[in-house]
Structures are given as C-alpha cells and as structure tokens.
Amino acid sequence: MTGIVYKSTGSWYTVKSENGDFIECRIKGKFRMKGIKSTNPIAVGDVVDFELDETSDTVTGVIHNIHERKNYIVRKSVNLSHQMHIIASNLDYVFLLITINNPPTTFNFIDRFLVTAEAYGIETILVFNKIDTLKDEVLDDQLYMQYVYQQIGYKCLRVSAAEGKGIDELKELMIGKTTMFSGHSGVGKSTLVNAMEPTLHLKTKTISEQSMQGQHTTTFAEMYDLSFGAKIIDTPGIKGFGIVDMEKSEISGYFPEFFKLKDQCKFNNCLHKDEPKCAVKEALEKDEISWTRYNSYLKILEGDEDHYRTDDYANERAESDENRNKQS
Ligand SMILES: Nc1nc2c(ncn2[C@@H]2O[C@H](COP(=O)(O)OP(=O)(O)OP(=O)(O)O)[C@@H](O)[C@H]2O)c(=O)[nH]1
Ligand SMILES: [Mg+2]
Ligand SMILES: [Zn+2]
C-alpha cells in the first residue's frame, strides 16, 4: 500500500493511505536516505510504501519504502549540530509567518530561512501576520521589512488571522497545493490554519500562556486536508534557524539580488567581502542592496553558528548602522 505521511511523533508515523484511511505505522529496520544524515529518516509529506502488520491487535502498518522526494527543507538539528532535521517534504510552497514584535522576527532569521529554502529549491512566501496590532513605529518596521523583501522579488502578504484579513488571498495561493507554515513560536501558524478551516480547532496559545516564552503550543508537524482543496502542514515554532553546512562560495548564490550581480564582480570567485571592484559592494553603497541582507550574508559566511540563537531586532538595527558607517 502507498500513502502520505501526515504526522510523525518520532517512532510512529501517521500515514494516509490512497483510500483515505489513517494508519499508524512504524519503520522496518534501519532507514537511511542516501546522502542525507538526518535525525529523522521520514518526514511529513513523504510518500511511502507500507504493509499492514498482521501480528498486531489494532491495525498498524510497517513502512518499508520511501518514494523519491520532489524536494524537502531541512535545518540543523538543535542538539546534534552535525545532523539535520527534515522539516517536511514534497512541498509546493512554504509560507514563512512573520510578526514584528510579538514575538519579534529578525531579518537575520528570515534570511537564514530564505537561504536554506533557496538552496533546497523551495519557493517561500512571506506572510506578515497580526497586522491588526500594528501601529506607529511598529507599522513602519513592518512596512520597511516587507519593502526589503519585495524589492528582491519575494512575494509578501499581510494578514490578520485573528480578524480574518488577507485570508482569501492566501487561500487562493493554496488551492491544489501542499504548503507549510513555518516561523517562530507564537507568530500564529495554528491560528491561521483555524482561520481558514474553523472546524479543525487546532490548539493555539491562550491569552494566559502568551507571556510564557519558549513554550511551543504545536509540538509536532502535522498535515491537514483543507476543505477548499489544499494540504497544509502546521509545524512547531522554530527558535533559531541553523543552516546546514554550505561551501562559502555557494552562499551568495542563495541571495538572489547578489547572484544577479555576480558576473559584474572583477573576480569570478568573489565572496563580496574584501575583494576590489565588487559589484555587490558597489550596489550596497548605492543602497541598491539592503544592509540587513548583507549583514546576514556576512554572518552566514563567517559561520557564526551560535549567533542565530541570540538575535534580536534592536541589536540587528544597531549593527547594520554601524557597518554602514564603517563603510562610508
Ligand atoms: N492580535 C492577533 N493575535 C493573533 C493573530 N494570530 C494569532 N494571534 C495570537 O497569537 C498567539 C499565538 O498563536 P498560535 O497560533 O498558537 O501560534 P503558533 O505560531 O502556532 O505557535 P507554536 O505552535 O508555538 O509554534 C495566540 O494567542 C493567538 O490568538 C493575529 O492575527 N492578531
Ligand atoms: Mg501552533
Ligand atoms: Zn563581489
């Protein structure tokens, strides 16, 4: 039998078979994907072959084969830094949910996410949630952040899961697709799924829990079939986005606005750092490339892998200004 993995809790996988039944499955023996060293051999979104387990009283299954993935997205495992964790596979898009201050989402975090998504060939759409709460400087910050990413060509949406704003446009993009919601804990991923499909009643953070930092309301990635013909994967919030090891020379290729200029740099192996006649740095000085993006690039280039856990927005702004002043 063949099915799609809808949920994974570690040792058990919920698989939806072709005839629509949900079956709890285990894995047979060792399961190693070639070329991938990951903490989870099978992820939500995987297409698998399985057999029903006759020896068990309840109906369970055993997965014995995984179909080749169209794509997948990974991040560095939090505990085992040399391993990666496959977040989900076979995606049409990823929606990265962003809130400005509750909780804060930094440029650095977004850029790390985007670099990985670019590297793994997954289109990301930025979704600014909680727009009902924005005013004054926070609203300016949001509009500026959106401007930075729109300039580069990333599609951006503004929504309010709480008030149902912008939901129709989002739904439109999701019809017939498999997509995933990602972003920090508390940005409203599950609330947004509920806003699109109120009958699901996914668990979301209550008012009394809102001040509790670091508490994840959603604990496992899970896929849902939505009534308007979409599949959505709701995921647990991520704290820092660890980038799986990349060659230094490869990183700038995942910044689309740098990539476009690369042929105009004097050296064809230019890292856009200290080299003379670098088109990226020239564009930066003319403010055609955003300093926040360049800073993120430098950090990834330096392999400052501890940094991503301690980001904050104010620091980031200050750092960005400091670098700009140094340069001019
Ligand atoms: N004002 C406002 N609050 C929102 C909006 N969307 C979500 N919230 C609130 O934000 C809190 C967090 O929402 P969740 O949906 O639990 O967040 P999550 O991203 O699923 O979090 P994790 O499951 O921990 O990753 C809840 O109290 C929601 O009511 C919004 O558009 N506006
Ligand atoms: Mg959630
Ligand atoms: Zn260059």
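Both ligands and their constituent atoms are indexed starting at 1 by order of listing.
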Participant: Ion pair present between K70 and D92, side-chain N to carboxylate O less than 4.0 angstrom?
Facilitator: yes
Participant: Hey, is OH on Y147 packed in by over 12 heavy atoms from elsewhere, all under 6.0 Å?
Facilitator: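 Not more than 12 within 6.0 Å, no.
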Participant: N/O of K189 under 3.5 Å from N/O of ligand 1, yes or no?
Facilitator: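 Min N/O separation from ligand 1 is below 3.5 Å for K189.
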Participant: Ligand 1 and K130, any nitrogen or oxygen pair closer than 3.5 angstrom?
Facilitator: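 By distance alone, the answer is yes.
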Participant: Mark up the atoms of ligand 1 that fall under 4.0 Å of a heavy atom belonging to S160, in ascending order.
Facilitator: 31 (O)
Participant: Within the 4.0 Å heavy-atom shell around T217, which atoms of ligand 1 are there?
Facilitator: 22 (P), 23 (O), 24 (O)
Participant: Is it the case that over 12 heavy atoms from other parts of the model lie below 6.0 angstrom from the CD atom of E250?
Facilitator: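 Enclosed: over 12 neighbouring heavy atoms sit under 6.0 Å from CD of E250.
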Participant: Should R26 and D53 count as an ion pair when the cut-off is N to O under 4.0 Å?
Facilitator: yes
Participant: Does one side chain, of T99 or N129, offer a donor that lies under 3.5 Å from an acceptor on the other?
Facilitator: no
Participant: Any atoms of ligand 1 less than 4.0 Å from a non-hydrogen atom of S190? List them with their elements.
Facilitator: 15 (O), 20 (O)
Participant: Examine M180 and F109 and state if one hydrophobic cluster contains both, with Ile, Leu, Val, Met, Phe, Trp and Tyr joined whenever side-chain heavy atoms are less than 4.5 Å apart.
Facilitator: yes
Participant: Look only at interatomic distance and state if T133 has a nitrogen or oxygen under 3.5 Å from any nitrogen or oxygen of ligand 1.
Facilitator: no
Participant: At under 4.0 Å between heavy atoms, is it the side chain or the backbone of L192 that contacts ligand 1, or both, or neither?
Facilitator: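 The answer is neither; L192 stays 4.0 Å or more away.
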Participant: For D46, does its backbone N or O pair with a side-chain atom of S89 as donor and acceptor, under 3.5 Å?
Facilitator: yes
Participant: Should you measure from each heavy atom of H216, which atoms of ligand 1 turn up under 4.0 Å away?
Facilitator: 24 (O)
Participant: Of the backbone atoms (N, CA, C, O) and the side-chain heavy atoms from C-beta on, which set of D132 has a member under 4.0 Å from an atom of ligand 1: side chain, backbone, both, or neither?
Facilitator: side chain
Participant: Taking the minimum heavy-atom distance to atom 30 (C) of ligand 1, which of G188, A162, G186 ranks first?
Facilitator: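 Nearest option to atom 30 (C) of ligand 1, by heavy atoms: A162.
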Participant: What are the protein N, O or S atoms, given as residue plus atom name, that sit under 2.8 Å from the Zn ion (ligand 3)?
Facilitator: C265 SG, C270 SG, H272 ND1, C278 SG
Participant: Confirm or rule out an N/O/S atom of T191, from backbone or side chain, lying less than 2.8 Å from the Mg ion (ligand 2).
Facilitator: no
Participant: For ligand 1, find out whether one of its N or O atoms is nearer than 3.5 Å to an N or O atom of T206.
Facilitator: no
Participant: Within a strict 4.5 Å, meaning less than it, do heavy atoms of the N108 and S296 side chains meet?
Facilitator: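 Of all side-chain heavy-atom pairs linking S296 with N108, at least one is under 4.5 Å.
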Participant: Would you say T204 has any N or O atom under 3.5 Å from an N or O of ligand 1, going by distance alone?
Facilitator: no
Participant: Got more than 12 heavy atoms from elsewhere within 6.0 Å of CD, Q150?
Facilitator: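 Count over threshold, so yes.
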Participant: Answer yes if the side chains of N19 and S17 hold a donor-acceptor pair under 3.5 Å, and no otherwise.
Facilitator: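 The answer is yes; a qualifying pair exists.
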Participant: Ligand 1 and P236, any nitrogen or oxygen pair closer than 3.5 angstrom?
Facilitator: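 In fact, backbone or side chain, P236 has no N or O that close.
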Participant: Does any N/O atom on E163 come nearer than 3.5 Å to any N/O atom on ligand 1?
Facilitator: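 No: no nitrogen or oxygen of E163 is under 3.5 Å from one in ligand 1.
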Participant: Should M145 and L114 be counted in the same cluster of Ile, Leu, Val, Met, Phe, Trp and Tyr side chains packed under 4.5 Å apart?
Facilitator: yes
Participant: With only distance considered, is A161 within less than 3.5 Å of ligand 1 through an N or O on each side?
Facilitator: yes
Participant: Using modelled atom types only, decide if a donor and an acceptor are shared between the side chain of E197 and the backbone of S227 within a distance under 3.5 Å.
Facilitator: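 Judged by distance alone, yes, a pair lies under 3.5 Å.
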Participant: Run the numbers on K16 and D225 for salt bridge (Lys or Arg N to Asp or Glu O under 4.0 Å), then give the verdict.
Facilitator: CA-CA 11 Å; K16 187 180 181 189; D225 293 321; 2.6 Å; yes
Participant: Backbone N or O of N65 within a donor-acceptor pair of the D49 side chain at under 3.5 Å?
Facilitator: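 Not confirmed, D49 side chain does not pair with N65 backbone.
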Participant: Within ligand 1, which atoms have a heavy atom of G237 less than 4.0 Å away?
Facilitator: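 Contacts of ligand 1 toward G237, numbered from 1: 25 (O).
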Participant: Could you say whether the N/O atoms of D234 and ligand 1 ever approach to under 3.5 Å?
Facilitator: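 No.
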Participant: Just one of T218, T217, T235 clears the side-chain hydrogen bond (donor to acceptor under 3.5 Å, both in side chains) bar with S190, so which one?
Facilitator: T218
Participant: Below 2.8 Å, can you find an N, O or S atom of S190 next to the Mg ion (ligand 2)?
Facilitator: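 Of the N, O and S atoms in S190, at least one lies under 2.8 Å from the Mg ion (ligand 2), which means yes.
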